[in-house]
*Asks:* 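Sharing a structure with you now.
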Amino acid sequence: MKKNVIRCVLMCLFPLTGFSEVQTEAAGNAATVHHVERDNDERLAWWREAKFGLFVHWGVYVVLAGEYQGETVPGIGEWIQYKKQIPKQEYLKDYAGKFNPTEFNANAFVRMARDAGMKFIVITAKHHDGFAMYDSAVSAYNMVDATPYGKDPLKALAKACKKYDIRLGFYYSHRIDWEHPDAICDRYNDWDYNPTNAVFDRYWKEKSMPQVKELLSQYGDVSLLWVDMARGLDIKYAREMAEMARSLQPDILINSRIMDEGYEGPGMELWDYETSSDNYIHPQLDMKDWEAIVTTTDSWGHKKVDTNFRSAKQIVQVLVSVVSKGGNLLLNVGPDATGVVDPAIQQHLKNVGVWLDHYGETVYSAKGTPFSRTHDWGVITRKPGILYLNVFEWPAGGFIDLSGLQNKVKSVYALTEEGKLPLSYKQKVIKNTSVHHLNVMLPDRPVSVLNTVIAVEHEGDLEIDQSMVQDARCITRLDFFNAERDDEAKKLAWDFNVLRPGRYKVKLISSESQHHENPEWVGGGQSATLQVNGKATEFVLKQDGVLKNFNQIPWNYVISRIGDVEFEKPGDYTLELSGLDLAYEKYRTKGLALNYVELVPIEQP
Ligand code: H79
């Protein structure tokens, strides 16, 4: 049995009938991140402060813009050549041959990122199609030699980045290349090429390595080498590329996709931080050095029909959610064939930037939440001596309860455009325990339509008692990653301490699967057992509602009512779920992706 228990207490501001002993042990965190010695604190320092960067997917595919021979092609736009098996010669002549982004303005582009509050840009220098978006002497399949544009947009971008003090990184598809006959590997170009005489090593030596060398020696300082889809790539290649990159740009950062996602073994120290799965935000809290990559539409590369724009509010919520989990956000835009980002996205980014101007201290240089649990009203970030409560759901009672902050609070205020707005608060120790409890009266209404930030300044070094799991509305969350798990027996258990007896509704909140193209709720219809202190009830999992999910756009949370429970008197209880087919693997796509169980008090008549 995996021992990973959280002790928690159900309580409320309303009259309590009693308290019992609370054990104060910190919850473990089921994060699957590998802590390899990576002597990289110095070069990561800027990245840990920056928090927010712009990802840019731009290539020949935007000339097709998601349409081929009069048909709209579903799915991510930059894969259109692969999906429609477009021959290399046709791709070159009909699409590269018509790529003329005369409206591309590198200065304006970098200003857009800067004004959105972003500190770095990562642009596709070569995506899987193999087309170099710069002036490459290695292959004529490039922007200068093969398009009517005839210029090197990355040169202009590098110059503009320097001018505006924005760091630059290059995305380079190191393994997949649909142009090169020797790049035979998983998802290769099997419509033009026959693998019989192909030698991957030749592609590697003739194109992949030399092009990365060009990018890292002809564009000034390059802060990031962003590689993708290593799947099956021999570790010797990853090592060779990382070593070359560091020899040319000693301070460069390399993301984890330089090697197989699941790879464990010698060489793991070659990358600096972990990129999570596309459009996937880890459920775990405060992980070490990771990055979420998130689209602003449903595609990375521009598509005509792709107008499902993320709002400024969604972007801000994703950003602070990622920061609350210790990560950085790399937010993608896809310029079109003229070189321009959709004005709607530009407007949203501008609004995000204005918000960050006023509230950025909850983001820049901030660390993840110190709590081992999530909160139902929003997310927490922190800096030395200060916690930031980012309030997504305005609590009905007009206050926030926060238990477990053991330090003496010095002041509580809302950040506003006019400065600090002091808020009244009370701090006390919960009876018969050593757990501190903070009650903050919120302003009458949200201060910001995008995200209101409440700062809690405290004395001394932060000390958290993880034993409480409750919030202002007595709703109790039992997070998946805090459960005691027995995967073989399909059992999850949480021990907690009930202060306020009564009847509670039990809701199970899970996510739709992260499959990008058609989100799907996996796990409905299964029957399982809910057990509280030995009293078991069966339930069948069904969808009783959905919650818009600010964490894992574009997948919803699904709510399932699984029963009611009664806590007759104060004391220790165990809640157990058994028989559920759960998704346990890292990205949690096979089975039910359980996020948390919620206990919601049923008002007594
Ligand atoms: O660059 C963006 C994507 O193009 C790239 N990573 C981000 C940052 C990416 N590479 N691979 N994938 C994403 C996932 C691959 C999905 C696939 Fe398919 C499933 C490829 C073939 C089957 C999606 C569906 C694309 C074609 C069909």
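Hydrogens, waters and symmetry mates are skipped; everything else that's a heavy atom, side chains included, is used. Keep in mind that what you see is a predicted model, and the values were worked out from it rather than measured. Order of listing sets the numbers, starting from 1, for every ligand and every atom in it.
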*Asks:* So is D228 polar-close to ligand 1, meaning N/O to N/O under 3.5 Å?
*Replies:* yes
*Asks:* Without placing hydrogens or testing angles, list every side-chain donor-acceptor pair under 3.5 Å for residues 120-127, not counting sequence neighbours.
*Replies:*
{"unit_1": "T124", "atom_1": "OG1", "unit_2": "V56", "atom_2": "O", "d": "3.4"}
{"unit_1": "T124", "atom_1": "OG1", "unit_2": "W58", "atom_2": "N", "d": "2.9"}
{"unit_1": "T124", "atom_1": "OG1", "unit_2": "W58", "atom_2": "O", "d": "2.9"}
{"unit_1": "K126", "atom_1": "NZ", "unit_2": "Y172", "atom_2": "OH", "d": "3.1"}
{"unit_1": "K126", "atom_1": "NZ", "unit_2": "S173", "atom_2": "O", "d": "3.0"}
{"unit_1": "K126", "atom_1": "NZ", "unit_2": "D177", "atom_2": "OD2", "d": "2.7"}
{"unit_1": "K126", "atom_1": "NZ", "unit_2": "Y203", "atom_2": "OH", "d": "2.9"}
{"unit_1": "H127", "atom_1": "NE2", "unit_2": "Y171", "atom_2": "OH", "d": "3.1"}

*Asks:* What are the atoms of ligand 1, with element, lying closer than 4.0 Å to any heavy atom of Y171?
*Replies:* 1 (O)
*Asks:* Look at atom NZ of K155 and say whether more than 12 heavy atoms of other residues, nucleotides or ligands are closer to it than 6.0 Å.
*Replies:* yes
*Asks:* Within ligand 1, which atoms have a heavy atom of E78 less than 4.0 Å away?
*Replies:*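 In order of numbering, the contacting atoms are 2 (C), 3 (C), 4 (O).
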*Asks:* Measure from NZ or CZ of K88 to the centre of the six-membered ring of Y193 and say whether it is under 6.0 Å with the direction within 45° of the ring axis.
*Replies:*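 So K88 doesn't make the cation-pi contact.
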*Asks:* Considering only heavy atoms of D278, which atoms of ligand 1 have at least one such atom less than 4.0 Å away?
*Replies:* 3 (C), 5 (C), 6 (N), 7 (C), 8 (C), 9 (C), 13 (C)
*Asks:* Any salt bridge linking R38 with D289? Criterion: basic side-chain nitrogen under 4.0 Å from a carboxylate oxygen.
*Replies:* no
*Asks:* List every atom of ligand 1 that sits less than 4.0 Å from any heavy atom of K83, numbering the atoms from 1 in the order shown and giving each element.
*Replies:* 24 (C), 25 (C), 26 (C), 27 (C)
*Asks:* Can the positive tip of R257 be found less than 6.0 Å from the middle of the six-membered ring of W271, inside 45° of the ring normal?
*Replies:* no
*Asks:* So between W226, Y61, W79, whose heavy atom ends up nearest atom 25 (C) of ligand 1?
*Replies:*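 Looking at heavy atoms only, the winner is W79.
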*Asks:* Of the backbone atoms (N, CA, C, O) and the side-chain heavy atoms from C-beta on, which set of N332 has a member under 4.0 Å from an atom of ligand 1: side chain, backbone, both, or neither?
*Replies:* neither
*Asks:* Could you say whether the N/O atoms of H127 and ligand 1 ever approach to under 3.5 Å?
*Replies:* yes
*Asks:* Centres of the Y596 and F480 rings: under 6.0 Å?
*Replies:* no
*Asks:* Atom CG of residue position D94 - does it have more than 12 heavy atoms of other residues, nucleotides or ligands inside 6.0 Å?
*Replies:*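 Counting other residues, nucleotides and ligands, CG of D94 exceeds 12 neighbours.
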*Asks:* So if I count the atoms of ligand 1 from 1 in the order they appear, which ones are less than 4.0 Å from some heavy atom of M229?
*Replies:* 10 (N), 11 (N)
